[in-house]
Amino acid sequence: MEKSLTRNLLSNLFSRQNKPSCFHTKACLIQQLQECNRFISLTSVHSEILKSGFLSDTFAVNNLINCYIRLQKTLDARHLFDEMPQPNVVSYTSLIAGYINMGQPQTSLWLFQKMLGTSVIPNEFTFATVIKACSMIADLVTGKKIHALVEAVGFQCNLVVCSSLVDMYGKCNDVDGARRVYDLMGCKNVVSWTSMIVAYAQNAQGHEALKLFREFNYLLKDRPNQFMLASVINACASLGRLVSGKVAHGAVIRSGHDSNDVVASALVDMYAKCGCISYSDKVFRRISNPSVIPYTSMIVGAAKYGLGRFSLELFKEMIERRIEPNDVTFVGILHACSHSGLVNEGLEHLNSMYWKYGIVPDAKHHTCVVDMLGRTGRLDEAYHLAKSIQVDPNAGALLWGTLLSASRLHGRVDIAVEASKKLIESNQQVANAYVTLSNTYALAGEWESAHNLRSEMKRSGVSKEPGCSWIEIKDKTYMFYAGNASLERGSEVLSLLRELERKMKEKGYVRGQTGLAFIEVEEETEEQIVGLHSERLALAFGLISIPKGITIRIMKNLRMCKDCHDVFKLISEIVERDFVVRDINRFHHFSNGSCSCRDFW
DNA sequence: ATAGGGTTAG
């Protein structure tokens with residue numbers, strides 16, 4: 001690359017072309033640099049600068065560096081920078097930003113460190129840029145050091161610097177840190193508000209995100225833009241709040257942002273997570289040129305509904321439209337195959353993802369496949385696969401946790417023991433491992449082992465939060481704790497739910513495999529609400545085991561079933577009376593999924 | 001030369 005650059009420079013240097021006289025004045029050269037968007041014309045201007053002797057002019061070289069960076073020639077920019085006798089703050093900041101644009105935040109932080117050893121003082125542009133580098137790699141330690149420097153140098157009142165600090169703390173999972181900076185800001189704009197909303201939304205505090213959004217609208221400082229709306233829709237999705245999500249959708253339509261790809265993706269995801277896959281589909285089909293992300297949202301949404309075939313069709317369609325899938329798309333596809341029992345299709349996709357699409361399967365893909373094999377009872381293959389994968393401790397916890405659940409589902413004590421060992425050894429999900437293993441022993445009738453494990457847990461002080469599931473309707477949150485069957489008329493509900501499960505099995509419900517359904521719903525009818533309640537109640541009773549991520553699919557032909565209707569009615573009454581939680585703020589730590597249901601003791 | 005948004009396995 002360097003050689004070709006030199007060649008171009010030389011050929012331009014010695015060519016005798018008729019150039020307008022203005023070409024040689026500094027102002028003109030710089031204007032040409034700012035308008036330049038092709039590498040070949042850049043080298044020509046570069047050689048003119050060289051000829052005119054402006055290479056010793058910091059301002060001119062800074063413009064040259066920026067032009068190289070704009071054309072993603074970071075290495076050339078670096079060579080120029082290294083040759084500068086007196087790089088100034090702009091030279092440093094430009095190159096630092098260049099490394100960030102090339103996806104090298106570490107290098108940009110290294111250069112910043114070097115800059116601190118010189119007499120060049122960073123300014124607000126430099127700070128905003130390096131803070132972004134910390135956000136990208138979630139480096140809170142460095143972020144805090146830079147924050148201290150910001151205060152020392154006196155930029156703590158700068159709008160852009162503070163907005164990037166809010167974002168940095170949020171991305172590093174320090175929500176309180178983000179809020180502290182946010183509260184100290186003298187003036188805020190849409191960006192600062194959005195950064196704070198995102199900090200909440202991405203740290204399982206969706207309620208706070210929505211609260212801030214309401215505050216923003218109440219103050220009516222500005223109209224929400226597409227960035228803010230996408231973030232708010234994301235918060236609604238994580239909470240499963242259909243009503244708020246629809247309000248946000250209304251705002252999107254009114255403000256004309258509905259054709260925005262990012263906003264549309266957020267809507268597709270939100271409707272799917274709120275249980276309205278048909279709405280997701282409607283929004284999705286209105287996107288004129290969907291990119292890989294809305295396609296992936298739709299694939300994942302369908303997969304979670306047990307519509308595995310639909311996911312695969314969407315995948316085929318996007319390939320036909322020459323949209324390149326990414327690693328997340330394959331997570332969705334493998335998830336779809338896993339949850340719809342399409343094992344052969346899943347294995348084919350795993351095997352072809354690299355040679356057909358150039359995506360190397362990593363731990364998350366293998367975890368999906370372990371889950372897929374495990375669900376259908378192919379535990380030995382799943383175990384074999386899990387053993388063959390190199391993983392870091394976090395990914396390992398997911399991998400072995402997945403295998404452990406599958407072992408329990410099929411009563412394979414031997415593999416459950418091995419998977420639990422791995423979890424306990426790695427000091428990850430220890431309580432989960434104990435509980436699941438004990439449940440597996442119990443399932444296999446090995447009561448003594450189950451009991452011993454419980455005693456061991458008590459002795460070593462390992463405890464597990466009870467599983468919890470919730471549904472929000474209007475402004476109320478209904479919480480169900482797993483295994484809590486001690487409510488009034490509990491046995492009555494239990495027998496009705498058993499009957500319901502029997503009917504579900506008649507309709508093809510397979511334990512641990514396909515999400516199935518209670519009732520067909522057009523709009524937000526009473527039936528839907530009751531249907532959702534009964535799903536969660538059933539979970540609470542431990543009666544049906546629906547692995548997290550499977551959403552109950554809604555089936556038309558159950559609508560007329562009178563028995564079901566009676567169940568819903570009864571459950572509805574009980575739920576209204578016994579399950580209203582008034583202080584929703586207490587449950588923030590659960591809010592990373594609207595239908596989470598953990599294992600319980 | 002600077003800040004903010006969407007999809008991820010259990």
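Each chain gets a letter, A, B and so on, in the order its sequence line appears, and its residues count up from 1.
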Could you list the donor-acceptor pairs under 3.5 angstrom formed between side-chain atoms of residues 95-104 of chain A and any protein atom two or more places apart in sequence or on another chain?
unit_1	atom_1	unit_2	atom_2	d
Tyr99(A)	OH	Arg78(A)	NH1	3.1
Asn101(A)	ND2	Ala97(A)	O	3.4
Gln104(A)	OE1	Thr107(A)	OG1	3.2

Gap between atoms [atom1] and [atom2], on [X] and [N] respectively (whole Å):
| X | N | atom1 | atom2 | answer |
| --- | --- | --- | --- | --- |
| His335(A) | dA9(B) | NE2 | P | 6 Å |
| Lys304(A) | dA9(B) | NZ | C1' | 9 Å |
| Leu385(A) | dA9(B) | CG | P | 18 Å |
| Leu334(A) | dA9(B) | CG | P | 12 Å |
| His366(A) | dG10(B) | NE2 | C1' | 17 Å |
| Leu373(A) | dA9(B) | CG | P | 18 Å |

Please tell me if [X] has a side-chain N or O lying less than 4.0 Å from either OP1 or OP2 of [N].
| X | N | result |
| --- | --- | --- |
| His339(A) | dA9(B) | no |
| His365(A) | dT8(B) | no |
| Lys364(A) | dG10(B) | no |

> Residues two or more places apart in sequence or in another chain: which of them pass side-chain hydrogen bond (donor to acceptor under 3.5 Å, both in side chains) with Asn66(A)?
Replying inline: Ser94(A)

> What pairs with Arg223(A) under side-chain hydrogen bond (donor to acceptor under 3.5 Å, both in side chains), at least two apart in sequence or on another chain?
Replying inline: none

> How would you list, by chain and number, every residue that makes a salt bridge (Lys or Arg N to Asp or Glu O under 4.0 Å) with Glu124(A), sequence neighbours excluded?
Replying inline: none

> Partners of Lys364(A) by salt bridge (Lys or Arg N to Asp or Glu O under 4.0 Å), sequence neighbours excluded?
Replying inline: Asp327(A), Asp362(A)

>> Does the Lys NZ or Arg CZ of Lys211(A) fall within the cation-pi geometry relative to Phe213(A) - under 6.0 Å from the ring centre and within 45° of the axis?
In response: no

> How does protein reach along nucleotides 1-6 of chain B, written 5' to 3' as B (base within reach of a heavy atom under 4.0 Å), S (only sugar-phosphate), or - (no contact)?
Replying inline: BBBBBB

